[in-house]
Amino acid sequence: MSLQLQPDVSLKPFNTFGIDVRADWLVQASSQAQIVEALAVAQARQWPVLVIGGGSNLLLAGDIPGLVLRVATRGIRLLDDDGERVVVEAEAGEPWHGFVLHTLGLGLAGLENLSLIPGTVGAAPMQNIGAYGVEIQDLFAGLTALDRHSGETRQFSLQDCRFGYRDSVFKQEPGRWLILRVRFALQRTAHLRLDYGPVRQRLAELGIAEPTASDVSAAICSIRREKLPDPAELGNAGSFFKNPLVDAAQAEALRLDYPGLVAYPQADGRVKLAAGWLIEQAGWKGHRKGDAGVHRLQSLVLVNYGQASGAQIQQLAQAIQADILRRFGVQLEMEPNLYPQQ
Ligand code: FAD
Ligand code: NAP
């Protein structure tokens with residue numbers, strides 16, 4: 001199929017914040033050949049290119065110059081099966097949650113704690129998506145990416161990806177790598193992770209004593225549906241700030257002032273603070289200015305009540321950052337990717 005370049009397109013349907021900015025050009029590429037062709041067209045016309053998937057981790061603070069390339073490739077295949085460990089590969093445009101359900105339906109465990117995360121398979125390695133104690137690096141078996149500088153494809157191993165907390169080489173080298181397909185090593189025997197947050201309790205409430213991986217997925221979906229706003233109803237990009245990592249001495253000093261401090265010691269000696277708790281303590285929960293707000297149930301989620309601009313969401317975020325720094329001496333870092341880059 002030939003490439004369909006659409007001029008002057010509203011990106012409102014293409015970002016879960018629902019921010020109404022425009023792209024000079026939009027193309028939706030459903031094959032690797034179309035991706036390569038779109039990049040070649042952009043290079044010939046000297047357009048900058050923004051690659052997107054589901055638009056669920058973006059803050060669009062203004063119109064996007066050049067070409068927005070939405071990766072819409074589909075396909076899931078089994079590559080290797082030794083009877084216990086199965087390697088599954090998915091094309092970058094596969095919707096993440098559908099992919100998780102597909103693997104569970106095949107009797108393969110591993111991705112259950114990552115259920116109901118919006119977005120695509122191809123964006124998942126960008127920030128090493130994580131939830132309920134599991135990150136994709138725990139199941140990762142390799143990926144194929146296109147080097148936008150040289151035009152060549154390259155295979156990435158786990159080490160090559162330099163995964164960290166909501167971080168990767170792809171995030172550190174913005175605009176260089178276009179992820180084409182990702183591989184995961186899953187198990188026929190489930191090794192369930194139930195000790196994070198309210199997972200075990202929700203399974204008990206559902207009357208499930210010996211859960212399967214699919215039961216865990218269903219429990220996590222039900223928790224998430226209760227706690228998190230559905231972007232189809234209220235624009236948002238999930239957690240707006242990363243949980244800050246501070247040194248143990250700072251965490252201890254904060255605990256003296258705030259005995260209820262929510263803090264999790266990390267293997268490297270640092271302490272992870274719950275950013276949502278800090279924001280709530282500072283009184284921002286449910287705050288609203290115009291159409292930009294802090295969600296009434298989950299302080300880590302900034303929301304668009306309808307007509308907020310990206311700049312208004314950004315101003316709210318900056319006000320929260322300044323307040324948290326002043327009160328707690330903690331610098332909050334934004335999690336969604338900001339465009340146009342500033
Ligand atoms: P986009 O928002 O389209 O893009 C994100 C970034 O990846 C951009 O920089 C973009 O340029 C780049 N990118 C996209 N596709 C590619 C590609 N193929 N190759 C190279 N670069 C690419 N995240 C978590 O980690 N855990 C959660 O539990 C979680 N829960 C969420 C809940 C809600 C309600 C929402 C709205 C978001 C949540 N997120 C969560 C954030 C988001 O869903 C993930 O970061 C997701 O992986 C983003 O996928 P996407 O396809 O929407 O990426
Ligand atoms: P929660 O269960 O209310 O917990 C609050 C915070 O405490 C979380 O951010 C989590 O950190 C941390 N935490 C909880 N239990 C922990 C434990 N046993 N050990 C270490 N840290 C612990 O969080 P929530 O907001 O409802 O989210 C549930 C999960 O989904 C979390 O893992 C969260 O990261 C993920 N999520 C992510 C996004 C996103 O956009 N990135 C959006 C929604 C939910 P971590 O965040 O580091 O896990």
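Counting starts at 1 for both ligands and their atoms, in listed order. Values below: all heavy atoms of this structure, side chains included; hydrogens, waters and symmetry mates excluded.
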Subject >> Enumerated ligand 1 atoms positioned under 4.0 Å from heavy atoms of Asn236 >> reply: 34 (C), 36 (C)
**OP:** Say whether Gly119, considering both its backbone and side-chain N or O atoms, lies within less than 3.5 Å of an N or O atom on ligand 1.
**Re:** no
Subject >> Identified side-chain contact (heavy atoms from CB on, under 4.5 Å) counterpart of Pro125 within the set Phe156, Phe170, Trp177 >> reply: Phe170
**OP:** Nearest heavy atom to atom 24 (P) of ligand 2 wins, so pick from Glu135, Lys242, Lys272, Gln298.
**Re:** Gln298
**OP:** Would you mind running through ligand 1 and noting each atom that sits below 4.0 Å from a heavy atom of Ile129?
**Re:** 24 (C), 25 (O), 44 (C), 45 (O), 47 (O)
Original post:
Which option, Ser239, Pro118, Gly197, owns the non-hydrogen atom nearest atom 42 (C) of ligand 2?
Top reply: Ser239
Subject >> Proximity of Lys171 to ligand 1 by residue part, where a heavy atom lies under 4.0 Å >> reply: neither
Original post:
Salt-bridged, Asp63 to Arg22, with N to O below 4.0 Å?
Top reply: no
Original post:
What protein heavy atom is closest to atom 30 (O) of ligand 2, reported as residue, atom name and distance in Å?
Top reply: Ala131 CB, 3.5 Å
**OP:** Check ligand 1 against Ala131 and write out every atom of the ligand that is under 4.0 Å from a heavy-atom position of the residue.
**Re:** 28 (O)
Subject >> Atoms in ligand 1 with a heavy atom of Leu178 nearer than 4.0 Å >> reply: 19 (N), 20 (C)
Original post:
Under 4.5 Å between any side-chain heavy atoms of His149 and Arg176, yes or no?
Top reply: yes
**OP:** Among all protein heavy atoms, pick out the one at the shortest distance from atom 6 (C) of ligand 1; state its residue, atom name and that distance to 0.1 Å.
**Re:** Asn337 ND2, 3.3 Å
Original post:
Knowing that exactly one of Leu245, Asn243, Leu254 qualifies, which makes a side-chain contact (heavy atoms from CB on, under 4.5 Å) with Leu273?
Top reply: Leu254
Subject >> Residue-ligand contact Trp277/ligand 2, heavy atom below 4.0 Å >> reply: no
Original post:
Are Asp24 and Trp47 close enough that a side-chain donor and a side-chain acceptor fall under 3.5 Å?
Top reply: no
**OP:** From the options Val51, Ile117, Val68, select the one whose nearest heavy atom is closest to atom 39 (N) of ligand 1.
**Re:** Ile117
Original post:
Hey, does the side chain of Ser168 reach the backbone of Phe163 with a donor-acceptor pair shorter than 3.5 angstrom?
Top reply: no
**OP:** Return yes when Leu300 approaches ligand 2 closer than 4.0 angstrom through a heavy atom, no otherwise.
**Re:** no
**OP:** State whether the number of non-hydrogen atoms from other residues, nucleotides or ligands found under 6.0 Å of Gln43 atom CD is greater than 12.
**Re:** no
Original post:
Atoms of ligand 1 less than 4.0 Å from Thr120 heavy atoms?
Top reply: 49 (O), 50 (P), 51 (O)
Original post:
With atoms numbered from 1 as shown, which atoms in ligand 1 lie under 4.0 angstrom from a non-hydrogen atom of Gly130?
Top reply: 24 (C), 25 (O), 26 (N), 27 (C), 28 (O)
Original post:
Taking heavy atoms and a distance under 4.0 Å, where does Tyr132 meet ligand 2: side chain, backbone, both or neither?
Top reply: both
Original post:
Does even one non-hydrogen atom of Tyr339 get within less than 4.0 Å of ligand 1?
Top reply: yes
Subject >> Within-cut-off N or O pair, Gly53 and ligand 1, under 3.5 Å >> reply: yes
Original post:
What's the shortest distance from atom 14 (C) of ligand 2 to any protein heavy atom, and which residue and atom give it?
Top reply: Tyr264 OH, 3.2 Å
Subject >> Presence of salt bridge, Arg183 and Glu89, under 4.0 angstrom >> reply: yes
Original post:
Nearest protein heavy atom to atom 43 (C) of ligand 2, by residue and atom, and its distance?
Top reply: Leu228 CD1, 3.6 Å
Subject >> Aromatic plane relationship, Tyr258 with Trp277 - under 30° parallel, 30 to 60° tilted, over 60° perpendicular >> reply: perpendicular
**OP:** Consider only side-chain N and O atoms of Glu84 and Thr189, and report whether a donor and an acceptor are under 3.5 Å apart.
**Re:** yes
Original post:
Does Gln127 reach ligand 2 with a nitrogen or oxygen that is under 3.5 Å from one of the ligand's nitrogen or oxygen atoms?
Top reply: no
Subject >> Shortest protein contact, atom 45 (P) of ligand 2 (heavy atom only) >> reply: Tyr196 OH, 3.2 Å
Subject >> For atom 33 (C) of ligand 2, the protein heavy atom that lies nearest, with its residue and separation >> reply: Arg166 NH2, 4.0 Å
Subject >> Sub-4.0 Å protein heavy atom next to atom 4 (O) of ligand 2 >> reply: no
Subject >> Minimum non-hydrogen distance to atom 33 (C) of ligand 1, winning option of Ala124, Pro118, Ser115 >> reply: Pro118
Original post:
So do the side chains of Trp96 and Pro118 get within less than 4.5 Å of each other, counting heavy atoms only?
Top reply: no
Original post:
Are Ser10 and Asp20 close enough that a side-chain donor and a side-chain acceptor fall under 3.5 Å?
Top reply: yes
**OP:** Answer whether the closest heavy-atom distance between the side chains of Leu278 and Arg327 falls below 4.5 Å.
**Re:** no
**OP:** List every atom of ligand 1 that sits less than 4.0 Å from any heavy atom of Ala237, numbering the atoms from 1 in the order shown and giving each element.
**Re:** 35 (C), 36 (C), 37 (C)
**OP:** Could you check atom 9 (O) of ligand 2 against the protein and tell me its nearest heavy-atom contact, residue, atom and distance included?
**Re:** Asn243 ND2, 2.8 Å
**OP:** Taking atom 22 (C) of ligand 2 as the reference point, report whether a protein heavy atom occurs under 4.0 Å from it.
**Re:** yes
Original post:
With only distance considered, is Pro231 within less than 3.5 Å of ligand 1 through an N or O on each side?
Top reply: no
**OP:** Report yes or no: does Glu280 contribute a side-chain atom to a donor-acceptor pair with the main-chain N or O of Lys285 at less than 3.5 Å?
**Re:** no
Original post:
Do any nitrogen or oxygen atoms of Ala92 lie less than 3.5 angstrom from nitrogen or oxygen atoms of ligand 1?
Top reply: no
Original post:
Which of the atoms of ligand 1 are close to Arg224, meaning less than 4.0 Å from one of its heavy atoms?
Top reply: 27 (C), 28 (O), 29 (C), 30 (N), 31 (C), 32 (C)
**OP:** Identify the protein heavy atom lying closest to atom 2 (O) of ligand 2, giving its residue, its atom name and the separation to 0.1 Å.
**Re:** Lys227 NZ, 3.9 Å
Original post:
How close does the nearest protein non-hydrogen atom get to atom 6 (C) of ligand 2, and which residue and atom is it?
Top reply: Ala274 CB, 4.1 Å
Original post:
For Gly83, does its backbone N or O pair with a side-chain atom of Arg188 as donor and acceptor, under 3.5 Å?
Top reply: yes
**OP:** May I ask you to list the atoms of ligand 2 that are less than 4.0 angstrom from any heavy atom of Gly238?
**Re:** 40 (O)
**OP:** Would you mind reporting whether Tyr132 and Val216 have side-chain heavy atoms less than 4.5 Å apart?
**Re:** no
Subject >> Among Gly122, Ser239, Ala123, Ser168, closest by any non-hydrogen atom to atom 53 (O) of ligand 1 >> reply: Ala123
**OP:** Please confirm whether Gly55 comes within less than 3.5 Å of ligand 1 when only nitrogen or oxygen atoms on both sides are compared.
**Re:** yes
Original post:
Is any side-chain heavy atom of Thr73 less than 4.5 Å from a side-chain heavy atom of Leu180?
Top reply: no
Original post:
Do Asn57 and ligand 1 have an N or O pair less than 3.5 Å apart?
Top reply: yes
**OP:** Show your working on side chain to side chain contact (heavy atoms under 4.5 Å, CB included) between Leu58 and Phe14 and close with a plain yes or no.
**Re:** CA-CA 10 Å; Leu58 302 178; Phe14 297 101; over 6 Å; no
Original post:
Can you list the ligand 2 atoms lying under 4.0 Å from a non-hydrogen atom of Glu335?
Top reply: 39 (C), 40 (O), 41 (N)
Original post:
Any idea which of Ser56, Pro336, Gly238 brings a heavy atom closest to atom 41 (C) of ligand 1?
Top reply: Ser56
Original post:
Hey, looking at atom 50 (P) of ligand 1, which of Gly54, Pro174, Ala29 has the closest heavy atom?
Top reply: Gly54
**OP:** May I ask whether Trp177 has any heavy atom positioned less than 4.0 angstrom from an atom of ligand 1?
**Re:** yes
